[in-house]
Student: 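This is the structure, below, for whatever I ask next.
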Amino acid sequence: MPRLSEVIAALEKLWPAERAESWDAVGTVVGDPDQEVTRVLFAVDPVQEIVDEAVRLGADLLVTHHPLYLRGTTTVAASHFKGRVVHTLIKNDIALHVAHTNADTADPGVSDALAGALDVRVVRPLVPDPTDPNGRRGLGRVCELDHPLTLRELAARAAERLPATAQGIRVAGDPDTVVRTLAVSGGSGDSLFDQVRAAGADAFLTADLRHHPASEAVARSPLALLDAAHWATEWPWCEQAAGQLDEISDRHGWGLRVHVSTTVTDPWTAHAASSATTK
């Protein structure tokens with residue numbers, strides 16, 4: 001069985017920490033470099049529900065997309081919910097490793113997995129990484145559909161193929177608009193409208209779209225918007241990343257058992273459709 005340090009070295013080659021944004025908190029949060037690893041669990045959020053799942057599974061390593069402590073802390077006391085996560089991990093000899101913005105811009109990265117889930121063909125990064133001579137790394141992806149779909153049909157495809165959440169898919173634009181080119185960005189993407197317009201995309205699928213940026217975006221151009229739940233747009237990366245580690249394990253003869261959590265950790269739990277009319 002490999003040691004944790006060996007597995008982490010392999011993960012760091014996939015998602016080098018130096019490619020994370022300066023404000024980000026990636027890398028190994030908890031874990032003994034010399035401990036053996038036999039079972040790994042991938043998930044989006046390092047929340048107590050996921051850590052408890054890792055305990056039940058007998059995992060030695062939990063890999064999440066979102067950081068546990070993004071802005072630092074002065075305590076890991078178990079009286080705080082994040083402190084309880086740390087205590088549970090250490091008591092059960094489970095390491096925690098985070099790949100966040102370094103996984104967003106990787107090749108393949110979070111948005112490649114999102115495009116794959118939607119069955120659209122990646123053409124290029126939406127915001128290319130200038131340090132990549134091959135032009136494949138970067139934030140978001142510009143994609144082409146195999147055949148045109150209406151915005152209504154594309155939204156239905158997204159609702160069917162992304163993990164189910166209370167939010168579902170919100171749409172801005174004429175439902176009969178024809179979409180041939182789609183920009184995607186896993187996670188919060190309303191800072192990318194300028195790049196989406198410059199790419200000539202007919203529609204943009206992302207998450208966490210706020211009122212004013214979305215309103216201004218549709219007023220400025222015929223760009224259609226599809227707003228999915230943050231968790232749902234990033235969960236496909238877990239399957240992609242698990243497959244990458246599986247391949248590494250096979251190549252090295254490690255025999256790792258790699259799992260993907262299907263636990264929905266999107267914070268929204270219910271949705272009530274509006275029925276009232278304005279007067």
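For clarity, every value in this text was computed on a predicted model and none was experimentally measured. Position 1 is the first residue of the sequence; numbering continues from there.
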Student: Over all heavy atoms of both residues, which pair between Ala166 and Ala270 is shortest? Give the atoms and the distance, please.
Tutor: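 Scanning both residues completely, I find the closest heavy atoms to be CB-N, 3.4 Å.
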
Student: For the residue pair Ala43 and Cys238, what are the closest heavy atoms and their distance?
Tutor: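 Heavy atoms only, the tightest pair is C-SG, 3.5 Å.
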
Student: Can you confirm whether Thr177 sits close enough to Pro222 that some side-chain heavy atom of one is under 4.5 Å from a side-chain heavy atom of the other?
Tutor: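 No, every pair of side-chain atoms sits at 4.5 Å or beyond.
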
Student: Applying a strict under-4.5 Å side-chain criterion to I, L, V, M, F, W and Y, I'd like to know whether Val76 and Val30 cluster together.
Tutor: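 Yes; tracing contacts between hydrophobic side chains, which count when under 4.5 Å, links both residues.
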
Student: Pairing donors with acceptors under 3.5 angstrom, does anything connect the side chains of His252 and Glu6?
Tutor: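 His252 vs Glu6: no donor-acceptor pair found between side chains.
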
Student: Taking the basic N atoms (NZ, or NE/NH1/NH2) and the acidic carboxylate oxygens, is any pair closer than 4.0 Å for Arg3 and Asp34?
Tutor: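 Salt bridge: yes.
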
Student: Taking all heavy atoms of Ala224 and all of Leu151, pick out the closest pair and write down the distance.
Tutor: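 Looks like CB-CD2, 3.6 Å.
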
Student: Rounded to the nearest 0.5 Å, what's the gap from CD1 on Ile94 to CG on Asp60? Could you check?
Tutor: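 It comes to 8.0 Å.
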
Student: With a 4.0 Å cut-off on N to O distance, would you call Asp146 and Arg121 a salt bridge?
Tutor: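 No.
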
Student: Are any of the side-chain nitrogens in Arg19 or Asp132 under 4.0 Å away from the carboxylate oxygens of its partner?
Tutor: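 Not counted as a salt bridge, because no side-chain N and carboxylate O are separated by less than 4.0 Å.
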
Student: Does any N or O in the side chain of Glu239 come within less than 3.5 Å of the main-chain N or O of Ala113, such that one atom is a donor and the other an acceptor?
Tutor: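 It does not hold such a pair.
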
Student: If only atom types and distance count, is the side chain of Gln240 paired as donor or acceptor with the main-chain N or O of Val110 below 3.5 Å?
Tutor: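 Between the backbone of Val110 and the side chain of Gln240 there is no qualifying donor-acceptor contact (under 3.5 Å).
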
Student: Can you tell me if Asp24 and Thr101 form a side-chain donor-acceptor pair at under 3.5 Å?
Tutor: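 Judged by distance alone, the side chains do pair up.
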
Student: Check whether the side chains of Thr131 and Arg137 place a donor and an acceptor atom closer than 3.5 Å, and report yes or no.
Tutor: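 Yes - a donor-acceptor pair under 3.5 Å links their side chains.
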
Student: Could you go through Asp194 and Arg220, starting from their C-alpha distance and side-chain angles, then the distance that decides it, and tell me whether this counts as salt bridge (charged side-chain N to carboxylate O under 4.0 Å, His left out)?
Tutor: CA-CA 10 Å; Asp194 287 343; Arg220 287 184 59 179; 3.7 Å; yes

Student: Under the side-chain contact (heavy atoms from CB on, under 4.5 Å) test, which residues partner Thr265, sequence neighbours left out?
Tutor: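 Expected list: Asp45, Val47, Glu49, Ile50, Trp231, Thr263.
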
Student: Give the other cluster members for Leu225, using side-chain heavy-atom distances under 4.5 Å between Ile, Leu, Val, Met, Phe, Trp and Tyr residues; answer none if it is isolated.
Tutor: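 Direct or chained contacts put Leu225 with Leu126, Val127, Leu139, Val142, Leu192, Phe193, Val196, Phe204, Leu209, Val218, Leu223.
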
Student: Considering non-hydrogen atoms only, spot the tightest contact between Ile8 and His97 and give its length.
Tutor: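 That closest heavy-atom pairing would be CD1-ND1, 3.5 Å.
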
Student: Might you point out which heavy atoms bring Ile169 and Ala155 nearest each other, and give the distance in Å?
Tutor: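 Nearest pair, atom of Ile169 first, then Ala155: CG1-O, 4.0 Å.
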
Student: With a 4.5 Å cut-off on side-chain heavy atoms, are His66 and Val44 touching?
Tutor: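 Contact flag for Val44/His66 side chains = yes.
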
Student: Tell me whether Arg152 contacts the main-chain N or O of Leu149 through its side chain, where contact means a donor paired with an acceptor under 3.5 Å.
Tutor: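 Not confirmed, Arg152 side chain does not pair with Leu149 backbone.
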
Student: Please find the pair of heavy atoms, one from Ser185 and one from Ser111, that lie closest to each other, and give the distance.
Tutor: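 Result for this residue pair: CA-OG, 3.4 Å.
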
Student: Could you tell me if the side chain of His230 sits less than 4.5 Å from the side chain of Pro267, heavy atoms only?
Tutor: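 In short, these two side chains do not touch, never coming nearer than 4.5 Å.
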
Student: So, taking the atom named CG in Asn102 and the one named CD in Glu21, what distance separates them when rounded to the nearest 0.5 Å?
Tutor: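 Separation between the atoms: 10.0 Å.
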
Student: Check Phe42, Trp235, Trp237, Trp15 against His65 for a ring pair (Phe, Tyr, Trp, His ring centres under 6.0 Å) and give me the one that passes.
Tutor: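 Of all the options given, the one that passes is Trp237.
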
Student: Thr64 side chain to Val98 main-chain N or O, any donor-acceptor pair under 3.5 Å?
Tutor: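 No, because the side chain of Thr64 does not come within donor-acceptor range (under 3.5 Å) of the backbone of Val98.
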
Student: Check this for me: does any side-chain nitrogen of one of Glu247 and Arg251 sit under 4.0 Å from a carboxylate oxygen of the other?
Tutor: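 Looking at Arg251 together with Glu247, the answer is yes, because their closest N to O distance falls below 4.0 Å.
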
